[in-house]
**Q** 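Before we start, here is the structure in question, set down as structure tokens.
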Amino acid sequence: MISNFFNTLHLRYRASGVSAVFSPRKPRHPLLRLAFGLLGLALLAVLLVFGVVIGAVMLTAGLAMRLLRRPEQPDAGRRRHGALDGEFRIIDKPLLR
């Protein structure tokens with residue numbers, strides 16, 4: 001039932017001519033095909049180089065920020081990381097009844 005509905009819908013879409021707008025055709029001339037193929041490869045190479053350059057700039061900026069940051073002043077009363085300081089009381093466990 002539902003498969004027949006979608007099959008009919010797909011056939012109507014294909015027959016309407018709208019599908020031709022969204023599905024590009026390859027050119028028939030061999031030199032034009034070659035030109036479009038090379039254009040696609042060039043676009044892919046530009047995007048790849050652009051991504052690598054942006055990544056390298058981000059890494060360099062992160063390293064520069066880390067190196068140029070002022071070091072923290074050591075404190076005489078500085079506590080260890082992960083240590084808790086406080087007052088504690090031991091409370092008896094309640095008896096289960």
Side-chain angles (χ1 to χ4, degrees):
M1 170 78 183
I2 203 120
S3 175
N4 190 19
F5 171 74
F6 284 119
N7 193 18
T8 305
L9 192 65
H10 180 67
L11 288 175
R12 283 185 188 175
Y13 172 72
R14 296 283 293 190
S16 69
V18 177
S19 65
V21 174
F22 298 110
S23 58
R25 304 281 187 247
K26 291 181 184 176
R28 292 185 181 185
H29 197 278
L31 291 178
L32 198 54
R33 277 189 180 197
L34 180 66
F36 276 126
L38 291 176
L39 181 68
L41 286 176
L43 180 64
L44 184 65
V46 165
L47 290 175
L48 179 69
V49 168
F50 185 70
V52 168
V53 167
I54 292 295
V57 167
M58 289 174 64
L59 286 173
T60 305
L63 287 173
M65 286 175 57
R66 181 174 282 194
L67 289 174
L68 296 176
R69 186 174 44 187
R70 289 187 305 175
E72 297 177 12
Q73 300 297 329
D75 201 12
R78 190 171 179 180
R79 295 185 178 95
R80 294 183 308 168
H81 292 291
L84 295 176
D85 186 25
E87 296 178 13
F88 301 96
R89 285 188 297 169
I90 297 175
I91 300 174
D92 293 334
K93 291 182 181 179
L95 298 175
L96 295 177
R97 296 181 187 189

**Q** For L34, give me all partners under side-chain contact (heavy atoms from CB on, under 4.5 Å), at least two apart in sequence or on another chain.
**A** L38
**Q** Answer yes if V49 and V57 sit in the same cluster of Ile, Leu, Val, Met, Phe, Trp and Tyr residues linked by side chain heavy atoms under 4.5 Å apart, and no otherwise.
**A** yes
**Q** Could you measure the distance from the CG atom of L39 to the CG atom of L44? Nearest 0.5 Å is fine.
**A** 11.5 Å
